[in-house]
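Here the structure comes first, spelled out in structure tokens, and everything after it is commentary.
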Amino acid sequence: MAKQDKEFVKEITPQAQDYSQWYLDVILKAQMMDYSPVKGCMVIRPYGFTLWENMQQGLDRRIKETGHKNAYFPLFIPESLLQKEADHIEGFAPEVAWVTHGGNEKLAERLVVRPTSETIICEMYSRWIQSYRDLPVLINQWCSVVRWEKVTRPFLRTSEFLWQEGHTAHRNEEDAEEETLKMLEVYRDFVENDLAVPVVTGKKTDNEKFAGALRTYSIEALMSDGKALQAGTSHNLGEHFAKVFDITYLDSDGELKYVWQTSWGVSTRLIGAIIMVHGDDRGLILPPKVAPTQVILVPIAPKKVREEVLPKVAAVYEELKAAGIRIEMDDREEYSPGWKFNEWEMKGVPLRIEIGPRDLESGQAVLARRDNGEKVTVSLAELKDSVSSLLVEIQSNMFAKALAFREENTRRTDDYEEFKRIIAEKRGFVVSHWCGDSSCEQAVKEETKATIRCIPFNQEEGSGTCLRCGAKSDSLVYFARAY
RNA sequence: CGGGGCGUAGCGCAGUUUGGUAGCGCACUUGGUUUGGGACCAAGGGGUCGCAGGUUCGAAUCCUGUCGCCCCGACCA
């Protein structure tokens, strides 16, 4: 980043100086969120929430296209329900918020504010499911959940966060596994295509899997500081919950059987991923598909020509808006064009159109891309088409750029000393052989702070030797320091 | 839960060492001049200095306590 650029954004700490301060500066200055009076909770401001709404649209469409319907389950869960599944309660007990009183009266049974909804949903499924003809049950809900976190970071980990959680019930293991993988693929498709964030897909180790799950799969993304972020998870819950919640059905063979279940979710954490994958020292860079504002139109209208310029610029605004482009016009008189350029760049708007007297004389407009800073001049007649194709181009360039970064920062070694060096000095993903023993996994974590992000589906090599213990290993895994 | 940092105007800070009229920059308001990469001039408004005790003639400043927030680590979407 040129020195000149830094001067434009004196309010933002450069990434190289202090990455987490950069992150906080950006989201506050861009008005994505603000801190609330409640510790660990944040206010998602309109700019951030519009981004979330756009993300919801893209994902909700995909969830529905794969046959799921939305529903809503209660915020409160009786203590007794949460406690039914042993692993589950053990996993979540430390971070649940309790409701003990209604008004002034103490409740007969404490309620938890849902940290996730498996238990309450299972309770209902046990009532709804009788026959194999009732299966599969494919339900999703958009809601917020509460986990009393000790350490919080805006979007990445807050005490309350927004998400969607899908909960399905199936006839057998094959169907449940198919569903689990199908939804992971939905997430991959959504995150890569709409958010322009490349992900690695794979299975979680037993240590890292969801409390109460048989198997957990995840999509893992690499942030621009070299740390990994779990961007979404999909769990095959097996029959664990069905057995404790007694969710049974009469199969066609006349036998009473337990259902196989899945659950899967992504959260507002994805907003953190967008920020950290694409942002730079000048601020946010938002992917066109979900950006609250795709195009910012800045008229250059000195007083003497304002009356000529503004109506023409307004006409351009109307034309692009009618074409379905999320465009805004910044015709505020109290700010200079330069100020507006910096402001909207900081907010990550993918494309800027400048139209001033000189442009109107020659019937053109200046387009400036946020992703690479390039400026091009196009005729007003071609503007609509140029804008549309540039937005597509920006979206794919952002993905390509992020993918290139991830490739550059994914390193392959089975040499533990080299592994430690990479994790300490360069970070990023390190792909290594692992024997499958959780004590090796634990040791690597203690010694390097790197965890196994996932066992990728893509296994390009045959067997080898575990990087920590040297024993025979059949699978490569992704290691990284993670958020 | 450990370690660190911070609470003074909307934001960022100075003032605290050595007690004595609460300040600066940005933002905001009004008027005017401006507009192709963060414009300028002038005049304004805005504060129980996180909170509670204490010491003192006098506390943002010293003492005691307390609350909150942020960051970094152990656990987690």
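Residue numbers start from 1 in every chain, and the chains themselves are labelled A, B, ... in the order their sequence lines are given, proteins ahead of strands. Treat the numbers as computed from the prediction; the structure is a model and nothing was measured.
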Distance check needed: [N] [atom2] versus [X] [atom1], whole Å only.
{"X": "A:W163", "N": "B:C76", "atom1": "CH2", "atom2": "C1'", "value": "12 Å"}
{"X": "A:K347", "N": "B:G38", "atom1": "NZ", "atom2": "C1'", "value": "15 Å"}
{"X": "A:L24", "N": "B:G5", "atom1": "CG", "atom2": "P", "value": "19 Å"}
{"X": "A:E220", "N": "B:C76", "atom1": "CD", "atom2": "P", "value": "14 Å"}
{"X": "A:E208", "N": "B:C75", "atom1": "CD", "atom2": "P", "value": "10 Å"}
{"X": "A:K209", "N": "B:C75", "atom1": "NZ", "atom2": "P", "value": "18 Å"}

Lys/Arg N to Asp/Glu carboxylate O, [X] vs [Y], below 4.0 Å:
{"X": "A:R188", "Y": "A:E185", "result": "yes"}
{"X": "A:R282", "Y": "A:E345", "result": "yes"}
{"X": "A:D194", "Y": "A:R62", "result": "yes"}

NA contact type, [X], heavy-atom cut-off 4.0 Å: base, sugar-phosphate, or nothing?
{"X": "A:T152", "result": "sugar-phosphate"}
{"X": "A:R352", "result": "base"}
{"X": "A:S267", "result": "base"}
{"X": "A:D359", "result": "base"}
{"X": "A:V145", "result": "nothing"}
{"X": "A:K445", "result": "sugar-phosphate"}
{"X": "A:R153", "result": "sugar-phosphate"}
{"X": "A:P94", "result": "nothing"}
{"X": "A:G356", "result": "base"}
{"X": "A:E95", "result": "sugar-phosphate"}
{"X": "A:L270", "result": "nothing"}
{"X": "A:V266", "result": "nothing"}
{"X": "A:E343", "result": "base"}
{"X": "A:K340", "result": "nothing"}

Between B:G46 and B:G32, how many Å separate the two P atoms, rounded to a whole number?
23 Å

Would you say the base of B:A77 stacks on A:F161 (centre-to-centre below 5.5 Å, plane angle below 30°)?
yes

Side-chain donor or acceptor of A:K204 paired with backbone N/O of A:R453 under 3.5 Å
yes

For the residue pair A:R147 and A:W163, would you count it as a cation-pi contact if the rule is NZ or CZ under 6.0 angstrom from the ring centre and within 45 degrees of the ring axis?
yes

For A:E334 and A:K304, take the nucleotide of RNA chain B holding the closest heavy atom to each; which residue's nucleotide lies nearer the 5' end?
A:K304

Consider only side-chain N and O atoms of A:S117 and A:Q141, and report whether a donor and an acceptor are under 3.5 Å apart.
yes

Verify the contact: side-chain N or O of A:S20 to OP1 or OP2 of B:C72, cut-off strictly under 4.0 Å; return yes or no.
yes

Between the side-chain atoms of A:R157 and the base atoms of B:C76, is any donor-acceptor pair under 3.5 Å?
yes

Using the side-chain heavy atoms of A:K150, tell me which of these nucleotides is nearest: B:A74, B:G36, B:C76.
B:A74

Residue matched to B:G7 through Watson-Crick or wobble contacts both under 3.5 angstrom:
B:C67

